[in-house]
Trainee: 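Below is the structure I would like to discuss, written out as structure tokens.
Treat the numbers as computed from the prediction; the structure is a model and nothing was measured.
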Amino acid sequence: MSNIAIVILAAGSSKRMGQPKQKLNIGGKTFLQNAIDVASLTSCSVVLVVVQSLEAADAFKIPTNVRLLVNADYAAGMATSIKVAVNVLESYENIDALMIMNCDQPRISTPDLQQLIDVYKPGCIVASTFGGTIGSPALFDRRFFPELQLLQGDRGAKSVILQNKSRLIEVSMPGAQVDVDTREDYEALFPQILE
């Protein structure tokens, strides 16, 4: 069985939302808490959460089996959070692959993530397909860590996926199409919370 680490990206500025997306409510818990719970119930070996600061993480109940990583350079974009996680995982010699997930995709479930883990093969990338595109959550074999460390700016790892199509395993994941970037997205998705 492969040892998989899941990294939850939760250091974004949420500029379009106007407030931290990580703290938005979904079913009595925050977006970040929901993502942690979903990831923790998979067969992964390690769950990492990248945050802006330890102070920013104080509002959340972080389980003891989850490791917090601080990205002080978060304002430079999502790529910096991915690099923080990859740099830490380089020291985990037993980790075979890294799954990257965002905390603003509230329709992602534990079975969704487990499906990515179950179809993983050494040397491959496993990515979600949804709404005619491909993206996160996505799982990267360790061989792709150097490419992930070269990412720049506010783009995720989609470029690494597209540059390695011969090594790609696609998994249909309709729930991944739902991501919450604006207040309007949130209100449309969870109108009952706002009543």
Trainee: Can you name the side chain to side chain contact (heavy atoms under 4.5 Å, CB included) partners of Ala35, sequence neighbours left out?
Mentor: Ile8, Met101, Cys103
Trainee: Taking the side chain as every heavy atom from C-beta outward, state whether Ser172 and Phe130 have any pair of such atoms under 4.5 Å apart.
Mentor: no
Trainee: Could you tell me which residues satisfy side chain to side chain contact (heavy atoms under 4.5 Å, CB included) with Ala76, sequence neighbours excluded, listed by chain and number?
Mentor: Asp73, Thr80
Trainee: Considering residues at least two apart in sequence or located in another chain, which fulfil the side chain to side chain donor-acceptor pair (under 3.5 Å) criterion with Thr133?
Mentor: Lys158
Trainee: Rounded to the nearest 0.5 Å, how far does CG of Leu9 lie from OG of Ser81?
Mentor: 5.5 Å
Trainee: What are the two closest heavy atoms between Ala10 and Leu32, and how far apart are they?
Mentor: CB-CD1, 3.8 Å
Trainee: Distance only, no hydrogens: is a donor on one side chain within 3.5 Å (strictly under) of an acceptor on the other, for Asp96 and Tyr120?
Mentor: no
Trainee: Is there a donor-acceptor contact under 3.5 Å linking the side chains of Gln52 and Asn71?
Mentor: no
Trainee: Just to verify, what does Asp118 make a side chain to side chain donor-acceptor pair (under 3.5 Å) with, not counting sequence neighbours?
Mentor: Gln114
Trainee: For the CZ atom of Phe144 and the CD1 atom of Ile161, what is their distance to the nearest 0.5 Å?
Mentor: 10.0 Å
Trainee: Test of understanding: with side chain to side chain contact (heavy atoms under 4.5 Å, CB included), list the residues that count as partners of Val46, not counting sequence neighbours.
Mentor: Ala5, Leu48, Tyr92, Ile95
Trainee: Grab the two heavy atoms, one from Ile100 and one from Ala157, that are nearest each other, plus how far apart they are.
Mentor: CD1-CB, 4.1 Å
Trainee: Just to verify, what does Arg143 make a side chain to side chain donor-acceptor pair (under 3.5 Å) with, not counting sequence neighbours?
Mentor: none
Trainee: Give a yes or no on whether the backbone of Leu151 and the side-chain of Lys83 come within a donor-acceptor separation of less than 3.5 Å.
Mentor: yes
Trainee: Could you pull out all donor-acceptor pairs under 3.5 Å where a side-chain atom in residues 121-129 meets a protein atom, sequence neighbours excluded?
Mentor:
unit_1	atom_1	unit_2	atom_2	d
Ser128	OG	Pro137	O	2.6
Thr129	OG1	Val171	O	3.4

Trainee: Can you name the residues that form a side chain to side chain donor-acceptor pair (under 3.5 Å) with Glu147, not counting sequence neighbours?
Mentor: Asn164
Trainee: Could you note down all residue pairs passing salt bridge (Lys or Arg N to Asp or Glu O under 4.0 Å) where residues 33-52 supplies at least one of them, sequence neighbours left out?
Mentor: Lys29-Asp37
Trainee: Looking at Thr30 and Gln33, what are the two nearest heavy atoms and their distance?
Mentor: OG1-N, 2.9 Å
Trainee: Does Glu90 have any salt bridge (charged side-chain N to carboxylate O under 4.0 Å, His left out) partners at least two apart in sequence or in another chain, and if so, which?
Mentor: Arg142
Trainee: Tell me, please, which residues at least two apart from Ser40 pass side chain to side chain contact (heavy atoms under 4.5 Å, CB included).
Mentor: Ile36, Val47, Asn65, Val66
